[in-house]
Amino acid sequence: MKSPLQKTYDVVVVGGGPAGLAAALGAGEAGAEDILIVDRETEAGGILNQCIHSGFGLHHFKEELTGPEYAERFIQSVLSRQVTILTDSYVMNIAPDLHIEVISGDYGHLEVQAKSVVLAMGCRERTRGAIRTPGFRPAGVMTAGLAQKMVNMKGLLPGRRIAILGSGDIGLIMARRLMLEGCEVVGVYELMPFSNGLTRNLVQCLDDFAIPLRLSTTVAFIHGRDRVQRLTMAPVDDQLMPILNQSWQVACDTLLLSIGLIPENELSTRLRLKMDPATGGPQVTSTLETSLPGVFACGNVLHVHDLVDFVTEEALRAGRFAAEVAQGRRRPGDNISLQTGENIASCVPHSLSPDREQVVYLRVKRPLKDCVLTIGDRYEKVFRMLIPSEMIRLTLGPEILDRYFGEHLKIEVHPGEVA
Amino acid sequence: MVEKINLTCLGCPMGCPLQLSIVDGEIREVTGYECKRGEAYAKQEYTDPRRMVSTTVSCPTGLWPRLPVKTVDPVPKDRVPAVVQTLHTLEVKAPIRMGQIILENVAGTGVTVIATRSLPEMPEAD
Amino acid sequence: MYDVIIIGGGIVGCALARELSRYRIRVALLEREVEVGFGTSKTNSGIIHAGHHAHPDTLKGQLEWIGNQMWDDLARDLNFGFSRIGELLLAMQAEDLNHLEELKKQGERKGVTGLEMWSPKRLRQEEPNLSHDILQALHAPTAGVVNPYEACFGLIECAQQNGVELFCGQPVLSITREDGGLLIHTSRQQFRGRFILNAAGVFADQVAAMVGADDFKILPRKGEEYMLDRRLQGIVTRLIFPTPTVSSKGVLIIPTVDGTIMVGPTAEDVNDREDLSTTFSGADKVFTAVRRYCPAISERDTITEFAGLRAVADSNDFVIGPSPIKGFFNVAGIQSPGLTAAPAIATYVAKMLRGEGLALDEKTDWQAKIEGPPRFALMSAEERRAAISRDPAFGRVVCRCELVTEAEVLYAIKHGARTLDGIKFRVRAGMGRCQGGFCTSRVLDLLSSTLGVPLTELTKRGRGSELFYPRDDRIAPGDGL
């Protein structure tokens, strides 16, 4: 079939999930004319299509939507802007001159030249291997996201009697989902002494169904040659190592893993972008540009978010900046580097410019109560409660930075008391 | 006889642990909250707890075999199983538009259920 | 009536099948699992040993070096990956030095070429990430790596192409003697054969006992292996062995033929022939050992782990030959270097059958080569373009971690893949970093539509390992509310 593509695009967006869609929209709003989204799935929308629960869009649409609704609204506005969405297609390579090779289910091998690129490949789930669970390797051990796709899109069940390791939001949402599907969820087990899920999900997904949540607990052994038969569970010590002489058995046929997400940066690595080990994503400037000029990143490929609304906001900005660069306009470069200090796990972006309002996202390392967040001596804010599972979003007006003459600013949180 | 009920406030990420003292089915006192949203949440959750319901219904002719749906308003919490079971016995025919009404007055709750995505027909196999 | 029936479709059974497919005889292979290579072979370390490890007075010692030299042709004909990356045997303490010298002499006596002692200086140049405490190393350039399951798939495909009949999912339940042969009863049917080759791996003594030919015992020895993230690709470029002990070659660092790094195996005698579990203590042994010679390797890099059972005979050597029961041959106790020796075992057994009176006339139309599965990830840009224009299914990427296309999955199904593991081990879909998180659903769709099997009947590796359950809308949703 004849290629549906032009030779050159102002902005090529890799990934058609929430980040990619918003980036394309942002690029269009900023005046980019030719925009291409390449997505490997058969329809755009990414993971939102399988997230059928509500809770999306409160910031962006000012109403509470389900994942598919959020995705479809975005797809509609993107398509109304004449953006080309190429689905079932895979970006094979991006050359440093932004020449892009794509293979497509419908059109075969394609090549395009981009003026700028937005990376929006999202993330993947951590698997059994990442947590080194001993035991057999039966059917019935899978990530919560795979189970979610099979249940919500294909109408299949991962099992009947289910244990969930990890109290991340996908795991909590799936606990409720599977209860509603008539399965039995025997418990949610969390390695850390605190939950990684939103409080709302703990209440409405677990408490509502009387599903027990056991903190500081892990799977010490998976039993069953062909299909999961039971699990050996064990409490963990301060080093997070299982205390085997206090273990107990849980009968179940399925173990769902909700043990974290990892930015999907294979392309970024091949492009030799400078990476941030704390986020697992590329290092970016205040315009979300990576270490390779003309290549931008946003959404979960940059750092794992917990709210799609923040992904959208970030991606709209990345798209706008990418469009500006494609049109030959450049903002002043950053001159202040941002560093993580006490209690801060990660922050994005990695540098700032004093010429405009800056948005900074960060995460704390552990739950903190009544604490003070500082950015150098330029900014100070009191928080009642900060937890690792809820990303902090700050906006810094130009007035905070414009008369700052240092090269570095350190972000820190000083606790009142540890929660 | 005072009955104690524990709830977690969902007013903000603080998640204050609330304790309700109930006498004869009436809230006598709410403690544990750090802002006034806690008290309001406790009252609502005790007197009329409600939940949004989202699930899928069968759509054998659709691009995917399941169509995601949701209640447009929250339904009483104790009616959630009935709502879900009603929806799970339903079958709809593609194509479906997002927002299309799938069922009115689901399980007698007076609440409408709508499709949360558009679902085209499964294309004919080559 | 078959002339030869092979029991067991591991690397030995598959090599036997291909070897016997050269001749004008009727051959069947019976495999208990749903696909070949799903037992011990699937969990083998994949090492083609250099040739000097086993003593020349043992059968395994003799067949090791002969087998080693057969792998280049095999890999070329059957189109699977094989790379002679060489191995280094490390001396960490003074008493190891003598051992290395002995092994070098032993190898030279067998004719193993290229054996060479490397000084710490040379070692540091060649393998800079190894510990600086190593005293000396014996380099053997003849060692190589393969994916053992790929070898099984290639061997059986070639055997089938040349007329061997394959029956999977048919465990042998009993064997009875008849005039002029033996009658095998499997769970589903009966097979008559003049000669039976018992290549049943860890179950070989049980199969032999069915005819009273069990003058040996199999003592399963478990080995745990840990596959590491691609981050460590290239950390060593050769197989790394510590100086061996009596029961084991020790814990190795294995740069697999796919370029990933694997560490293991442990060596633990077990009673349970189904015990394929990994353990905390196993991981601890592996990583403690490996860190001694390569400190940069960490347990944190594990992306997956698995265990396999070596079929060790109580004689600690291969048990190959006729039994007191006429027509019943054992090809058993094939422990390390069994993979290396497998092609040599096959020719050795064929010769033996001829000696027992089986006429082996070569076919004139025997096909040594198979087309072999396409590997999109390994194609050049031009080859990829050509492949896609020939078959658009090459344009649909199924597994992005390992860059596997729909065309490759369909090829695997056409050549016998029936399960998720069967696809995974043939085309690597699901072997990468996401471990199937994304591709599982697509692979299952392809299996379901191609084989006409409902998704809920598809398995990980055969009956009992069903992956997803059907909905049951009669069940009331959770009523904890």
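Numbers restart at 1 for each chain; the letters A, B, ... are given by sequence-line order, proteins then strands.
Here salt bridge (charged side-chain N to carboxylate O under 4.0 Å, His left out) pairs that include residues 55-64 of chain B, with residues two or more places apart or in two chains, number zero. Sorted by first then second residue, the side-chain hydrogen bond (donor to acceptor under 3.5 Å, both in side chains) pairs that include residues 96-114 of chain B, not counting sequence neighbours, number zero.
Interface residue A:R177: only side-chain heavy atoms are found under 4.5 Å from chain B. At a 4.5 Å heavy-atom cutoff, the contact between B:L63 and chain A is made by side-chain atoms alone. With a 4.5 angstrom heavy-atom cutoff, A:E43 touches chain B only via side-chain atoms. For chain A, the nearby part of B:M52 is the side chain; its heavy atoms alone come within less than 4.5 Å. With a 4.5 Å cut-off on non-hydrogen atoms, B:S58 does not touch chain A at all. At a 4.5 Å heavy-atom cutoff, the contact between B:I114 and chain A is made by side-chain atoms alone.
Remark: B:N6 CG is packed, more than 12 non-hydrogen atoms of other residues, nucleotides or ligands lying under 6.0 Å away.
The most heavy-atom pairs under 4.5 Å with chain B, out of A:H53, A:Q204, A:R176, come from A:Q204. Among B:P68, B:A115, B:P49, the residue making the largest number of heavy-atom pairs under 4.5 Å with chain A is B:P68.
Put simply, the side chain of B:T116 never gets that close to the backbone of A:T66: no donor and acceptor are under 3.5 Å apart.
Here the shortest heavy-atom pairing between B:T56 and A:I52 reads CG2-CD1, 3.8 Å. In this structure, B:R66 and A:K154 approach most closely via the heavy-atom pair CG-C, 4.1 Å.
Here the side chains of B:T55 and A:L180 are not in contact, with every heavy-atom distance at 4.5 Å or above. Side-chain atoms of B:H88 and A:E181, non-hydrogen and from C-beta on, do get closer than 4.5 Å to each other. Side-chain contact between A:E69 and B:K70: present, with at least one pair of heavy atoms (C-beta onward) separated by less than 4.5 Å.
At a threshold of 4.0 Å, the pair B:E34-A:R384 counts as salt-bridged, since one of the basic side-chain nitrogens sits closer than that to a carboxylate oxygen.
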